[in-house]
Visitor: 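Here it is, the structure, as C-alpha cells.
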There are 2 protein chains.
Amino acid sequence: MGVTDRKEREKTEMKELIRATAMKMFLEDGYAKTSIRSIAEAIEYSPGTIYLYFKDKDELLYEVQGEAYGQLLEVFKREATSTDPLEKLRQVGRAYINFGLQNPELYDLMFIIRAPMNVDEEIHKANGGNCFAFLVDCLNDCISKNLLRLTDLHQASLLIWSTAHGLVSLNLRCRLKIMDQPEEAIPEILIRSMEDYLAAVTI
Amino acid sequence: MGVTDRKEREKTEMKELIRATAMKMFLEDGYAKTSIRSIAEAIEYSPGTIYLYFKDKDELLYEVQGEAYGQLLEVFKREATSTDPLEKLRQVGRAYINFGLQNPELYDLMFIIRAPMNVDEEIHKANGGNCFAFLVDCLNDCISKNLLRLTDLHQASLLIWSTAHGLVSLNLRCRLKIMDQPEEAIPEILIRSMEDYLAAVTI
DNA sequence: CAAATGTAATGAACAGTGTTCATTAATTGC
DNA sequence: GCAATTAATGAACACTGTTCATTACATTTG
C-alpha cells in the first residue's frame, strides 16, 4: 500500500515541521511569547491544524524539551572528556552553566517553566534522565575514588545540580541584580563560583 | 483641611485593600492564575478601578514581593538566632528551604517568576536586599573567623543562596522527579542536602 | 469515469487574559 | 444650587489556548 505509506510519511513530516518551527520560535521568543497562532502562521496553516498533530501546547513543549535535553547531553559529551574524574566534573559544571547562559530560553523551558511534568512524569524522566545520569556517572567516579567531601552519590548529584541550576536560574531571572555586579562580569562570576564550590568540596 | 486628609486616607486604604487582596489570592492560586478581573470581583469593584491605584499587574507584584521579602526576613530573624556563626548559618539555610516549601506560590513570585526587575531594578534591590544582607552578615562572621573553606564573602553568599534556591526551585518545578524519591521524603532530603553541603565547606 | 467515502484543513466561535478610555456618578468648593 | 473636580465604571481592544461544525480534497468503490 504505497498510499498509506505516503500518508504516514506526510503525517510525520508535518509533525516534524510543526515541532521544528515551534523549537525555533521557543528558542527565539520563549515559550510564553510564542502563540499557537504564530506557529500556525509561520508554517502557513490554520491554528486548528496544529491540534491535529499535538494535543495541546504542553505536548509541543514536551517535544522541544526532549530535543533540548538531547542537546545538553551532546554538550556534556563534547565538553566533558577529561580522564581525570575531578577535571571531568569541573568540565560538566562549566558546560552546564555556559549552556544556560547561551541558551536562556531553552534553559527556561527545560528547568524553570511550570507547565508539564505535573501530569506526565514518565516523559520527563526519560528526557532529563540521560543528562542527570551523565552527572551521576561522573560523580560516581569521584566519590568511589574518595576525591570528594561528599559521600552519598545521589545527595551529591542533587547538590551539584542544584548549585549550578541556582546560579543559572537566579541570573536568568535577574535576581542577581541585588549584588552590584556589572552585567558583563556575571558569566565569569558564575563559572568561577561553580569552580570554587567544587574546589571547596574536593579533598 | 479635613477633607483632603480623609481623601488621602481613603486612597491609601483602597490601595491597601487591593494589595492585601492580591497578596491573599497570589498566595492561594499563584500570580499567573490570579486575574485582575478576579481581584476586582473579590473587592467588589470594576477591573478598571485597580488601574487607578496600580500602573499594571507587575506593580501589584512588586508590592506583594516587598511584603514577601519582609516575611522571609522575619523568618530569618526568628529562626536564625544562634550565637555560633556556623550554627546560625545552618539555621538560615533550614529557614530558607522551609520557607520555600511551605509557601510555594510566594517563593515562586519572589524568586522564579519572570515579570519584573527587568525594568525596575531599584525596587528589587530594596526588597530583596535586606534578606540577602542577613545572609551576608551571617557568612561574614563565619569567614572572618576562618570557619569555612570559602574565602570570598560575596562569592560564598552567592553560592549558598544558589544552592538553597536550586534545591527549592527544582523541587517546586517538579524537576526532582527524575530522582525516584517518594514525594513525602523530599523536604527531609532537601534539608539534609543543604546541611551536608554546609558541612562539606566547613573546615 | 462518476459517485461515495474518508480524512485533512479550516476558521469562526468560546471563554479567558491585561489594559485603555469615553462615559457616568458622586463629591467637593464656591 | 451650581460648576468643577475626582472616582468608578464597563464596554471595547487585541490578545491567548482550544474546540468543532463545515468545507475541500484525496482515495476507494461501483
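Order of the sequence lines fixes the chain letters, A, B, ..., with proteins taken first and strands second; residue numbering starts at 1 for each chain. Predicted model only: the values in this text are computed from it and were never measured. Below, all heavy atoms of this structure are taken into account, side chains as well, without hydrogens, waters or symmetry copies.
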Visitor: Counting only side-chain heavy atoms from C-beta out, which of C:dG11, D:dA8, C:dT19 sits nearest to A:Ser46?
Guide: C:dG11
Visitor: So, does B:Thr49 get its side chain near the phosphate of D:dA8, meaning an N or O under 4.0 Å from OP1 or OP2?
Guide: no
Visitor: Write down the distance between CG (B:Leu17) and P (D:dA8), rounded to a whole number of angstrom.
Guide: 11 Å
Visitor: Take the protein atom CG of A:Asp56 and the nucleotide atom P of D:dT19, then report the distance between them rounded to whole Å.
Guide: 8 Å
Visitor: How long is the line joining CD1 of B:Ile36 and P of C:dT19, in whole Å?
Guide: 6 Å
Visitor: Return the minimal non-hydrogen interatomic distance between A:Cys142 and A:Pro85, and the atom names on each side.
Guide: SG-O, 3.4 Å
Visitor: Round to a whole Å and report the spacing from CG of B:Asp58 to C1' of C:dT17.
Guide: 14 Å
Visitor: Which part of the nucleic acid, if any, lies within contact of A:Tyr53, taking any heavy atom under 4.0 Å across all strands shown: a base, the sugar-phosphate backbone alone, or nothing?
Guide: sugar-phosphate
Visitor: In whole Å, what is the span from the NZ atom of B:Lys57 to the C1' atom of C:dT20?
Guide: 17 Å
Visitor: How many Å lie between CD1 on B:Ile18 and C1' on D:dA8, as a whole number?
Guide: 11 Å
Visitor: Given C:dT17, is OP1 or OP2 found less than 4.0 Å from the side-chain N or O atoms of B:Ser35?
Guide: yes
Visitor: Base, sugar-phosphate, or nothing: which does B:Thr34 touch, judged by heavy atoms less than 4.0 Å apart?
Guide: sugar-phosphate
Visitor: Is it true that A:Asp58 and A:Arg114 have a side-chain N and a carboxylate O under 4.0 angstrom from each other?
Guide: no
Visitor: Which nucleotide, C:dA8, D:dT9, D:dG17, lies nearest any side-chain atom of B:Leu52?
Guide: D:dT9
Visitor: Any side-chain heavy atom of A:Arg9 within less than 4.5 Å of one from A:Glu13?
Guide: yes
Visitor: Atom CD of B:Glu41 to atom P of D:dG10: distance rounded to whole Å?
Guide: 12 Å
Visitor: Would you mind telling me which residue lines up with the more 5' stretch of DNA chain D, B:Met14 or B:Arg37, judged by nearest nucleotide?
Guide: B:Met14
Visitor: Please check if the distance between the ring centroids of B:Phe134 and B:Tyr96 is under 6.0 Å.
Guide: no
